Each structure stands twice: as C-alpha cells, then as structure tokens.
Amino acid sequence: MIVSRGQLKLHLGFAIPVAVLTAVCMTLYFRQSLAAGTWVGGGSWSGLLCGVIAGAIILSEMLLWPRKALRRFRLIPTKYWMAAHLWMGLASLPLAIVHCGFHLGGWLPATLLILLVLTVLSGVYGLAVQNVLPRWMLRHLPRETIYNQIQFVSDQAVRDARQLLTRACGRNVASIETAVADPELLPAGAVVVGAVRQAGKTRGKTLQTRHVAEGRFDRETLWSAFDQIEPYLREGDRVESPVRQSYGADRWFRRLREACHEESQPVIDVLQDLCDQRREFDLQRRVHRLLHTWLPVHIGLSVAVTILLGIHVWTALKFW
Amino acid sequence: MSLETGKQRSERIQIDYYRKRDDLSRWRFVCIAGALVASGVYAAYLFGWSGKATEQRITQFSTGPLSSVHAHFEDRCEACHLSGTPIDLQATAGPADFGPAEALTLLGIDRQSSLNHLESVCQRCHQVAAHHDERMTQDGQDIDRNCSLCHAEHRGAEKDLVAVSNAKCAICHQRLSRVCVSSPRVDESTVAFDRSGHGDFQSLKDPDPGRIRFDHAQHLRPGQVEPGQRGGTTYAALSPQWRRRYDRGQESGASASDDAPVQLNCDDCHQLSGNPEGRSTQGADLELGRYFQTISFEQHCVGCHGISPGVATSDAPLLPHAAPWDQVDLLLSATILGARARGQARLPGDNSRREPLPGIGVGAAPETVSTRLPDGVLDAARQRVQAQCQTCHLPEDYTDQAIARVGRRNADPMIPPRWLRKGLYDHAAHRSIQCEYCHAAVHQAGETTDPVDQSQVMIAGIESCVACHRPAKNPLPQSVSPEIEAMFGTTPTWGSDDCTLCHRYHGFDAAQEAPAGSVTIRPVAAVRPPDSEAAP
C-alpha cells in the first residue's frame with residue numbers, strides 16, 4: 001500500500017473518520033476515568049465501547065483474507081480495502097489499550113494485547129518497507145529479476161559465460177569431455193549475453209548478441225579465471241569467492257585484464273558484468289526478504305489475535 | 001548470427017515460475033500453521049481439554065491477580081462474578097450525564113441486579129457502616145453501593161484496596177448537591193486539601209464544646225501564677241509522688257530546689273494513648289498514640305488540686321472526685337467530727353484559751369464531743385468544697401444529676417476526646433513537631449491575663465496542615481520560615497494530601513454523630529445462593 005501525495009484523497013477519506021471515531025471513544029473513556037478517579041477497565045461502558053470497536057475492527061481486518069480468496073468477484077477495488085485496513089488497523093491499538101485500562105491483566109488478555117501490538121507493529125513495518133524498498137530497488141538493482149528465478153537466471157549466466165569463453169578462446173582443455181557432451185558449447189560465431197541499459201532514470205537488463213573471436217594464447221588464464229568465479233555465479237554469497245565483494249572484484253578483474261590480451265577485454269567485461277549481476281541478485285534476495293517476510297508474520301499474528309479475541313470475548317462476558 | 005532463437009530467449013524465465021514454491025511461500029505456511037496450532041493448543045488448555053486443574057487455568061482468564069487479602073478467591077471466579085452480569089459497575093453506574101448508562105439495559109443487563117449482586121458478594125464478608133445514604137440521591141446511592149469504584153480488584157497482589165485516590169472522593173464532593181437530596185451539611189465543593197479547595201475544619205467553626213474551666217496559659221507559667229505575682233506553686237508543695245512526676249531533673253540527678261516554682265509542660269498532662277474506651281469506631285483509631293489519654297482528675301489534677309474537706313488539719317484525707325454529695329457530706333461530717341474527737345479541732349462552744357486572759361481566765365470547755373454536727377456547719381463545709389469545684393466546673397456540672405451521669409458509658413465527656421470530629425489526627429505521627437506549631441493560641445494566650453480557652457478551640461486551622469500535607473509537586477510554602485521549620489523537628493516537611501489520611505468513608509462520620517456503640521450497619525443486600533451462580 002503506497003502512501004503518497006497522489007493518494008492523499010484516498011487515505012484522508014478513511015483516516016479522518018477513523019481518527020474521529022477513535023478520538024470520540026477515547027474522550028468518553030478518559031471522561032469516565034476522570035469521573036471515577038482511576039483508569040476504568042474494559043468492563044466499564046466506555047472501556048467496553050472501545051473494546052467492542054477494536055474487536056470489530058480486528059474482525060473486519062481479517063475480511064481481507066476471504067476477499068483475496070474471492071477476488072474474482074471484484075468486491076470493491078483493492079486500494080479501498082487496503083486503505084481501510086491500514087487506518088482501521090492503526091486505530092485498533094489505542095482503542096485496545098484503552099479497553100485494557102492501561103494494564104495487562106492476566107495471561108489471556110496480556111497475550112492478546114501483546115499479539116495485537118506485534119501485529120500492528122508488523123503491519124507498520126510492512127507499510128514502511130513497501131513505501132521505501134521498491135523505489136530503492138528500482139534505482140539500485142537494475143538487474144532485478146523474479147525472486148524465485150534468481151537461481152535459474154544465475155545458472156543461465158554461467159552457461160552464457162562458458163559459451164562466451166569457448167567462442168573467445170576455444171574449449172577448456174581440462175573439461176574437454178564435458179564440452180563435447182554439451183551441444184551448447186560447440187563453436188559458433190556469436191553468443192547472447194546480458195547487459196544493463198538505461199532509459200531515463202530507470203535501468204534494466206537487456207539481452208545482447210555478441211560476436212567473439214577465436215581462441216588465443218590467454219585461453220588457460222581465462223578458463224582458470226572462470227573456474228574461480230563459477231561457484232560464485234551459481235551460489236552467490238553462500239560461497240567464498242574473490243569476486244564476492246565489489247571492491248575485491250574490481251581488483252581481481254584488474255589483475256586478470258593485465259594478464260590477458262587486449263582482444264580478451266570484452267570477454268572479461270562480460271565476466272565482470274555477470275559477477276555484478278550475481279552480486280545484485282544476492283542483494284535483491286536480502287531486500288526481497290525484508291520486503292516480504294513480514295507479511296506471513298503479520299498474517300500469523302492476525303490469525304492468533306482473532307482466535308484469542310474470540311476466547312477473550314466469551315470469558316469477559318461470562319466473568320464481567 | 002546468433003545461437004539462440006526467440007523461443008530460447010523467452011525460456012530464460014520459466015513460464016510456470018509462479019507455481020513454484022520458494023522459501024517465502026514456505027515461511028507463509030509455517031507462520032499461519034504455527035499461529036493456528038499455537039492458538040488452538042492454548043484454547044484447548046484454557047477450556048480444560050488438557051486435563052489441567054481449574055485453578056491453573058483460571059488465572060489465564062483473569063484480568064489480573066487479586067489483591068493478597070482476596071487471594072483465596074483467586075480460583076473461584078463464581079464467588080464474586082455472576083455469569084453475564086457485570087460486577088464492574090462502571091459498566092452501568094455513574095451519573096447519567098456521563099454516558100449511556102442505560103444503553104446496556106437494551107442488551108438485557110439489569111443495572112440494579114448488578115448493584116445488588118456486587119453489594120451482596122462484598123457484604124458476605126464486609127459489614128460496613130453507611131455513609132449518609134439516607135441523604136443521597138439515587139445516583140449517589142448507586143455510586144455508594146459500587147464497592148469496586150473505590151476498591152478495584154485484579155490489580156495485583158500488592159494492590160492496597162483501601163488506598164483510595166482523592167479523585168474518588170471528588171466524584172461526589174466536587175459537587176455535593178448533585179448527590180444530596182437536601183442542602184449538604186458540609187462544604188458544597190471539596191476538590192483539594194487547602195483553604196480554597198477544602199475550607200477550614202468544620203469542627204473549628206463551632207464553639208468550644210468543652211465544659212471545663214481551664215487556663216492553659218496559666219498552667220504553663222512558672223508556679224502557675226501571673227508574671228511577677230508571689231505565691232506560686234513550688235516543688236516543696238508537692239507530695240513526693242507528684243514531685244517525681246513533675247520534676248524532670250530528678251532522673252538526671254539535677255533535681256529542682258524546693259522553693260523553685262513548678263514548671264509544667266504539655267506532656268505532663270497530654271500523654272499518647274489509644275482511642276478512648278467506648279469511642280472505637282475504626283480499627284485505625286485503636287492505634288497507640290492516635291489520641292491523647294483522656295484527662296482525668298486523679299491522674300492529672302489531684303497533684304495540685306486535691307479536694308480538701310476544709311478542716312484545718314494537715315493530715316485530713318482528701319475528698320474523692322465526682323462522688324455524690326451524700327457521700328461527700330458523710331465524709332465531711334466524719335472528718336470534722338473525727339478531728340474534734342482527736343482534739344485537732346475545737347468543739348462547738350469551746351471558747352477556752354491556752355493562756356488565761358486577765359479577768360476571764362482560760363474559759364470553759366465542753367466536757368464531751370457531740371455526735372451530731374450543729375446546723376450550718378456541714379453546709380458551710382460543703383460550700384467550701386463547692387468553691388473548689390467551681391475552680392474547674394460550671395455549677396450545673398457538679399449537681400447530683402450531673403455527677404451521676406459521669407459513670408455512664410454514653411455520657412458526654414466534659415473534655416471531648418476528639419476535637420476534630422470529621423477527621424482523624426494521629427498525634428503519634430506528629431510527636432516530633434512542637435505543640436506550639438498547631439496550638440499557638442495556647443502559648444500566645446500566655447501574654448494576657450484573660451483566659452481564652454473557653455471561647456475558642458485552640459487548634460490552628462488548615463494552614464498549619466497544608467504546609468506539609470500538599471501535592472508532591474508543590475514546594476514547601478514560603479510562609480514556612482526557618483524558625484517554623486525548626487519546630488518540625490525530625491518530621492519530614494512533606495506528607496500526603498490524600499483524603500483517606502484523615503477521613504474514613506464507611507460510617508466514620510455517622511459514628512461521631514450517633515451515640516457511642518450505635519453505629520448503623522448498612523443492611524445486607526439480598527444474597528443469591530451460590531448454587532444459582534454459574535461455574536466457570
């Protein structure tokens with residue numbers, strides 16, 4: 001849910017009524033507490049009012065789940081659901097705290113309140129990262145790919161690199177048998193590799209066809225270099241590699257360029273670019289987890305809150 | 001020429017990638033399933049499916065531990081709670097203008113049932129006296145019956161249920177007419193402990209209720225005489241028993257000389273004690289030192305003011321105090337006749353002289369002692385005794401009827417045991433403060449010769465209290481000079497300004513207004529049999 005100036009009208013349409021409702025309920029609570037000379041509990045009429053509204057909000061928040069399951073019916077646009085979810089969810093916490101009379105009570109109400117706090121906090125965290133990280137990724141991760149395709153694309157990159165090297169400097173003597181068995185590694189006049197292109201402020205990876213030269217004297221050096229970086233290209237930061245860090249990679253490729261012929265420089269450019277891509281994939285993986293792992297936590301906490309809420313309502317009415 | 005076809009290029013992303021489960025989808029499953037399982041297990045435990053004992057589960061439902069005094073009800077919710085009926089009277093109670101008090105009635109919740117239930121469960125153990133409920137409006141009575149309003153439970157074992165905040169008292173006393181059916185007999189609005197928010201003590205607005213003529217200033221002067229006047233009481237005039245009491249130097253070996261004037265201090269007569277017998281209304285009143293020992297003639301006055309029979313002998317026995325006049329007459333007669341019989345006093349008609357007068361001789365003396373006093377002798381002797389009574393008592397207070405009342409338990413004392421009738425005062429807690437700080441009038445009166453004891457209660461107003469008993473955030477008032485602060489001794493210069501420090505809600509005022517021992521106990525509300533209450 002993006003909260004931006006362009007969506008001000010949408011959010012104010014929910015935020016203002018919810019804020020007014022919350023303010024009215026809390027005013028009634030504080031007024032009764034002032035009259036009673038203490039923080040009245042959830043059994044007081046004003047505390048009960050706050051509790052009932054908070055409970056109703058929690059249940060309505062959970063309607064997002066069936067709404068998603070029934071999305072083919074197009075029940076009100078998602079942006080309205082999300083705006084309502086956001087602002088009503090935020091209001092539920094102060095109402096619940098007021099309902100508690102500012103003390104945790106026994107295990108059940110304490111657990112319920114703590115879970116609700118964690119739920120709201122996880123939601124606020126999610127709101128924050130959803131408004132920050134996607135923009136950051138768009139700017140800083142131009143080679144971003146689909147999260148669960150990272151490994152697939154990485155394997156392709158290794159294949160591309162191997163093919164490029166074969167075209168550039170002939171087969172790797174050490175793996176000649178493997179090369180013969182792999183028809184993709186047969187010599188040819190051109191290979192397809194990835195490259196980053198920029199349009200305006202947005203950058204992204206495109207595929208390019210490159211013509212390569214025949215084998216040269218620095219074949220062994222290049223193949224040896226490839227053997228060193230191949231585990232990194234496949235596994236990323238899960239393995240130790242000289243090109244794992246950006247600074248170390250620059251130094252390592254600089255030495256490789258010095259050891260190779262001038263005509264091999266484009267090949268080295270491609271290898272270095274693939275390493276950069278793998279580094280971005282690793283970063284994307286971490287950022288993607290920051291961006292999405294909160295949601296299962298949020299849902300799990302919400303489920304627990306809803307179940308405990310039902311028990312709390314039953315026991316509270318019985319032992320009012 | 002490229003080795004890749006367009007199809008091969010498109011295969012760089014798996015076409016069914018969205019169907020593949022990644023670590024995030026597994027994480028989502030773990031979270032939701034974990035929440036369902038954990039909540040379900042907890043619910044099973046709460047509802048007893050785990051086989052755990054009730055008392056172990058019941059603490060889970062509770063909104064907090066009970067106070068230690070009610071800890072034995074911790075696992076017996078039904079002892080106080082009625083299923084579906086709020087015991088928290090905040091749910092229904094409160095002045096109507098505070099909110100939709102009647103709204104819950106629409107849900108089938110009966111406000112009066114809640115009130116009755118709450119009162120009945122509390123009164124199973126607690127018999128408390130009424131608090132002016134006959135003068136309360138319906139709203140006031142609902143507040144009064146709402147025990148949980150002041151004694152909120154489930155706030156932890158350490159919670160002091162009788163520690164009631166000032167705001168609780170202000171619910172009614174902020175605007176007393178709102179909960180009174182008639183004009184309040186105390187200040188309409190009491191919102192803070194100072195002159196503007198509380199007013200001066202009610203008891204000080206009334207005349208002095210005491211009926212003893214006593215001049216404090218005179219008794220605090222050396223020799224108990226006016227400055228410069230001769231004939232003051234000296235230590236030589238005291239019997240050894242009383243001299244030990246009043247001559248404090250004896251204990252340290254620096255005894256006062258015989259001709260030194262007797263110097264009394266406050267604590268010679270005012271000694272810390274418990275509540276006077278027959279005036280016990282609160283447990284706190286029985287604390288040692290809350291009051292001073294009742295002033296009694298035999299303990300505090302007889303050392304100097306023994307009642308003489310008026311016979312001119314040094315060994316004539318003193319008359320008893322507060323004895324019926326018949327008894328006094330008998331003792332007077334016996335004393336007079338006994339003195340005459342022993343030759344310590346002249347007989348009637350005895351005009352004899354030890355030295356003969358010229359022409360008259362020694363005179364004649366009767367030969368026998370008459371067993372009957374001549375008319376007028378006994379009356380004269382009684383008048384001499386009554387003259388002594390008038391030193392301290394009004395004439396109507398030493399009649400036979402008045403004397404007969406003295407021994408009765410419900411007799412009004414001539415010296416009130418408590419002067420501040422609406423509130424409690426703990427002298428022991430203030431014992432390091434010089435008496436002069438609160439009773440300045442006693443010492444100021446020493447500068448004049450006219451006693452003012454009978455025209456005013458010699459207790460300072462609320463200003464003397466608020467110097468220390470003030471909100472914690474307020475600094476020491478500037479009116480408390482270093483000289484005044486020195487009078488506090490070791491007593492801290494800040495004290496709580498809680499209403500409950502001096503006032504009790506349940507029946508304290510009623511006990512002061514009713515005859516001793518006749519405190520009105522609030523009628524017990526209808527108690528439901530435990531069987532009718534739902535078990536958890």
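Predicted model, so just to flag it, every value in this text is computed and none were measured. Letters A, B, ... mirror the listed sequences (proteins, then strands); counts begin at 1.
- Heavy-atom pairs under 4.5 Å with chain B were tallied for Ile299(A), Thr111(A), Leu49(A), Ile146(A); the largest tally goes to Ile146(A).
- A 4.5 Å side-chain heavy-atom check between Pro296(A) and Val30(B) finds every atom pair outside the cut-off.
- Looking at Arg278(A) and Asp282(A), a side-chain N of the basic residue comes within less than 4.0 Å of a carboxylate O on the acidic one, giving a salt bridge.
- Separation of atoms CG (Asp22(B)) and CG (Asn148(A)) is listed at 5.0 Å; rounding is to 0.5 Å.
- For Tyr42(B), the part lying near chain A is the side chain, with the backbone staying farther off; criterion is any non-hydrogen pair under 4.5 Å.
- Residue Ser302(A): no heavy atom, backbone or side chain, is found under 4.5 Å from chain B.
- Contacts with chain B were tallied for Val303(A), Thr293(A), Val297(A); Thr293(A) has the most, counting heavy-atom pairs under 4.5 Å.
- Trp65(A) touches chain B through its side chain: at least one heavy atom from C-beta onward sits under 4.5 Å away, while N, CA, C and O do not.
- The pair Asp23(B)-Arg289(A) counts as a salt bridge, with a side-chain nitrogen and a carboxylate oxygen less than 4.0 angstrom apart.
- Top candidate by heavy-atom pairs under 4.5 Å with chain B, chosen from Leu308(A), Ile307(A), Leu295(A), is Ile307(A).
- Residue His131(B) holds its NE2 atom at 7.0 Å from CG of Asp144(B), rounded to the nearest 0.5 Å.
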